[in-house]
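Notes to accompany the following structure.
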Amino acid sequence: NVSYNLIISGTIESLKNKENIKKIKNKIRSEIKSSLDKDKILNKEDKELLNKFYLKLKNEFQSID
């Protein structure tokens with residue numbers, strides 16, 4: 001509960017401000033652009049984590065009626 005109050009709630013509050021939303025969008029765009037110049041974007045641990053997440057999503061989408 002303390003972690004939520006210290007980390008998450010402050011972040012959620014900052015997303016209510018349109019100027020903060022613009023800053024976050026611009027930061028994400030900037031990071032994406034800079035990552036495109038790199039040979040490798042992800043480290044091994046991140047690749048494994050994202051792959052597991054992707055496989056889980058893929059499995060859930062296959063069960064859609």
Listing, residues 30-44 side-chain donor-acceptor contacts under 3.5 Å, not counting sequence neighbours, or none:
| residue | atom | partner | partner atom | Å |
| --- | --- | --- | --- | --- |
| E31 | OE2 | K27 | NZ | 3.0 |
| S34 | OG | S30 | O | 3.4 |
| S34 | OG | E31 | O | 3.0 |
| S35 | OG | E31 | O | 3.4 |
| S35 | OG | I32 | O | 2.7 |
| N43 | OD1 | E45 | N | 3.2 |
| N43 | OD1 | D46 | N | 2.8 |
| N43 | ND2 | D46 | OD2 | 3.4 |

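- Grouped with L55 in one hydrophobic cluster are Y54, the linkage being side-chain heavy-atom contacts under 4.5 Å among Ile, Leu, Val, Met, Phe, Trp and Tyr residues.
- The closest side-chain heavy-atom distance from N59 to Q62 is below 4.5 Å.
- Taken to the nearest 0.5 Å, the NZ atom of K23 stands 14.5 Å off from the CD1 atom of I28.
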**Pair R29-K25, side chain to side chain contact (heavy atoms under 4.5 Å, CB included): steps then yes or no** = CA-CA 6 Å; R29 285 184 183 111; K25 285 181 181 179; 3.7 Å; yes

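- Linking Ile, Leu, Val, Met, Phe, Trp and Tyr residues whenever their side-chain heavy atoms come within less than 4.5 Å leaves L57 and L49 in two separate clusters.
- Using modelled atom types, one side-chain atom of N26 and one backbone atom of K22 make a donor-acceptor pair closer than 3.5 Å.
- The line from CD of E60 to NZ of K58 is 13.5 Å long, rounded to the nearest 0.5 Å.
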